[in-house]
2 protein chains.
Amino acid sequence: MNSSKSNIKKQVSEPTLRRLPVYLYFLEKVREDGIINISAPTIGKNLKCDSTQVVKDLAVTGIKGKPRVGYNTYELIHALEDYLGFNRTNEAFLVGTGNLGSALMAYQENQSLGIKIIAAFDTNEKKIGTHVGNIHVLEYKKLFHLAERLNVKIGIITTPNEVAQDVAEDLMNCGVKAIWNFTATILDLPGKIIVQNTSLSTSVAVMLRRLNDSEKITN
Amino acid sequence: MNSSKSNIKKQVSEPTLRRLPVYLYFLEKVREDGIINISAPTIGKNLKCDSTQVVKDLAVTGIKGKPRVGYNTYELIHALEDYLGFNRTNEAFLVGTGNLGSALMAYQENQSLGIKIIAAFDTNEKKIGTHVGNIHVLEYKKLFHLAERLNVKIGIITTPNEVAQDVAEDLMNCGVKAIWNFTATILDLPGKIIVQNTSLSTSVAVMLRRLNDSEKITN
DNA sequence: ATTAATTAAAGAAATATTTCCTTAATAGCG
DNA sequence: CGCTATTAAGGAAATATTTCTTTAATTAAT
Ligand SMILES: NC(=O)c1ccc[n+]([C@@H]2O[C@H](COP(=O)([O-])OP(=O)(O)OC[C@H]3O[C@@H](n4cnc5c(N)ncnc54)[C@H](O)[C@@H]3O)[C@@H](O)[C@H]2O)c1
Ligand SMILES: NC(=O)c1ccc[n+]([C@@H]2O[C@H](COP(=O)([O-])OP(=O)(O)OC[C@H]3O[C@@H](n4cnc5c(N)ncnc54)[C@H](O)[C@@H]3O)[C@@H](O)[C@H]2O)c1
């Protein structure tokens, strides 16, 4: 409507994007129970959200539901996985194999996170040469050699906060386009690099504040 | 304006709440550099956000900035910590001492997460009796005994998805008011219980989708 | 002291997101 | 076979959030 150039699809909003994996996980459970079709109101009741919200959110996948029947579970799961990129092999490098880094490495051995960590890097000699499952911990310097050959687009940073900016720049120079940043450091990178900050402090902040609010209401 | 009852302060919005720890971390770095006063535009420039946004967000703490000077760093940090509850000892139980649970336990040994895990619980006999730092892993059954004595308000769930609902209900029955849920399970609990879902899938979803979007623009 | 520049605060406007409402489709039922 | 209840879709309204504007305060410079 406003811009003349075509194929500029409006970017899907973050709140919607954040809800999509929740639908996906719910639908997977539902499919296991052998349910073929499910309606938006049913999804909404289970996930405690508005049914119109559900309809609008799911519409981004392009899947159409049938009135009086709902959505085809199988079809919807596939469309969501496809839309979110969970069914592709999104290869990633992980830097910093400490507590959190190891947990992430161990995790993806069992369950799919939507991302496949193909190598991990650390500067600590005690870590280098070890492995978690099939993922080997390599010398940090090797990042540059490997990046040339493998065309890895995603970097995960689980180093101490102090070195995060340097690591991020290195990753970027190795061709990484998206960085999943678990440190508290605010990364200063060109806008074209996608930075996903996952700071646990934000979750704690919201939770503690709500807890505090609720205690005030009670008295 | 609409409700007659007083002292019903409007709940601070989630986006704002999520930004507050980011300011806090930034200000701590700034304080280390010996900076006494800092203005909203300066904060905005560093954190790449609008300065009015900064002013509005920080206003929730009640701290006033001085024109031409900005905010007092020290005062602001304290106010933020106080508002978010980070300076109180928010004692918590952790249930499920696997990869992620252990990482969280190890983490808070070094850095403050705003929460103090005082005990961890597991059903796996191999885990029971072990400890991470000062935090002991106890038999899950002991949760009920301990909860009576200690007046713990926060529970952290890092168990497999399948048992999360049961664990959540147990925690609730032990007097826990807020649950930090790392599993993909959508917990079905009374509204008075505060549930903070921290699913890594949501972060991955947003990141992968944005990456996909950016690749489309490039071609 | 006076002026100019910077800044927070408060309110207005714009934008984004959610909720509501209407419409059309359709499966199940009588 | 037609009716009814349910439902998705699309648009409108309401709400929430962010950005823009104006104002007043205050400090630093002259
Ligand atoms: N562990 C958690 O539960 C947790 C929770 C929230 C946030 N975090 C954040 O995640 C980050 C990591 O936390 P952690 O507990 O895993 O820390 P950690 O100290 O256990 O691990 C950091 C790892 O990074 C490595 N490293 C240091 N400098 C490096 C460099 N220049 N290049 C490559 N590797 C390097 C270290 O050798 C170490 O193995 C921190 O920013 C922390 O704030 C962790
Ligand atoms: N590890 C990660 O990086 C990661 C990332 C994202 C999400 N998660 C989620 O976090 C949860 C835990 O993941 P994980 O990798 O740590 O799993 P894990 O299997 O390593 O750990 C689970 C722990 O829970 C214990 N447990 C099982 N049943 C229990 C019960 N009824 N009561 C108490 N304890 C019980 C197990 O003995 C085990 O120690 C999962 O829901 C997972 O989806 C983990």
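Atoms considered below: every heavy atom in the structure, side chains included; atoms not considered: hydrogens, waters and symmetry mates. Remember, it's a predicted structure, so these values are computed and weren't measured experimentally. Chain naming here is simple, since letters A, B, ... match the order of the sequence lines and numbering starts at 1 in each.
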Does a side chain donor of either [X] or [Y] reach within less than 3.5 Å of an acceptor in the other side chain?
| X | Y | result |
| --- | --- | --- |
| B/Ser199 | B/Thr202 | no |
| B/Gln196 | A/Arg210 | no |
| A/Tyr71 | A/Asn37 | no |
| A/Asp57 | A/Tyr23 | yes |

The test is side chain to side chain contact (heavy atoms under 4.5 Å, CB included); show your working for A/Asp170 and A/Phe144 and say whether it passes. CA-CA 8 Å; A/Asp170 286 347; A/Phe144 301 90; 3.6 Å; yes
Check each of A/Asn161, A/Ile157, A/Leu100, A/Thr159 against A/Phe182 using the side chain to side chain contact (heavy atoms under 4.5 Å, CB included) test, and report the only one that passes.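 Testing each of A/Asn161, A/Ile157, A/Leu100, A/Thr159 against A/Phe182, the sole residue satisfying side chain to side chain contact (heavy atoms under 4.5 Å, CB included) is A/Leu100.
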Give the rounded distance in Å between these two atoms: [atom1] of [X] and [atom2] of [N].
| X | N | atom1 | atom2 | value |
| --- | --- | --- | --- | --- |
| A/Leu58 | D/dT7 | CG | P | 15 Å |
| A/Ile43 | D/dT7 | CD1 | C1' | 12 Å |
| A/Lys64 | C/dA27 | NZ | P | 16 Å |

I'd like to check A/Leu84 versus B/Leu208 (side-chain heavy atoms, cut-off strictly below 4.5 Å). Are they in contact?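 When only atoms from C-beta onward are counted, B/Leu208 and A/Leu84 do not touch, as no gap falls below 4.5 Å.
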Side chain to side chain donor-acceptor pair (under 3.5 Å) pairs, two or more places apart, involving residues 180-192 of chain A: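 Sorted result for residues 180-192 of chain A: A/Trp180-A/Thr198, A/Asn181-A/Thr183, A/Asn181-A/Asn197, A/Asp188-B/Lys48.
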Close N/O contacts between protein and nucleotides 2-7 of chain C (under 3.5 Å):
unit_1: C/dA5; atom_1: N3; unit_2: B/Arg68; atom_2: NH1; d: 3.3
unit_1: C/dT6; atom_1: O4'; unit_2: B/Arg68; atom_2: NH1; d: 3.1
unit_1: C/dT7; atom_1: O4'; unit_2: B/Arg68; atom_2: N; d: 3.2

Where do N or O atoms of nucleotides 13-19 of chain C meet protein N or O atoms at under 3.5 Å, pair by pair?
unit_1: C/dT18; atom_1: OP1; unit_2: A/Arg19; atom_2: NH1; d: 2.9
unit_1: C/dT18; atom_1: OP2; unit_2: A/Arg19; atom_2: NH2; d: 3.0
unit_1: C/dT18; atom_1: OP2; unit_2: A/Gln53; atom_2: OE1; d: 3.3
unit_1: C/dT19; atom_1: OP2; unit_2: A/Gln53; atom_2: NE2; d: 3.3
unit_1: C/dT19; atom_1: O4; unit_2: A/Lys56; atom_2: NZ; d: 3.0

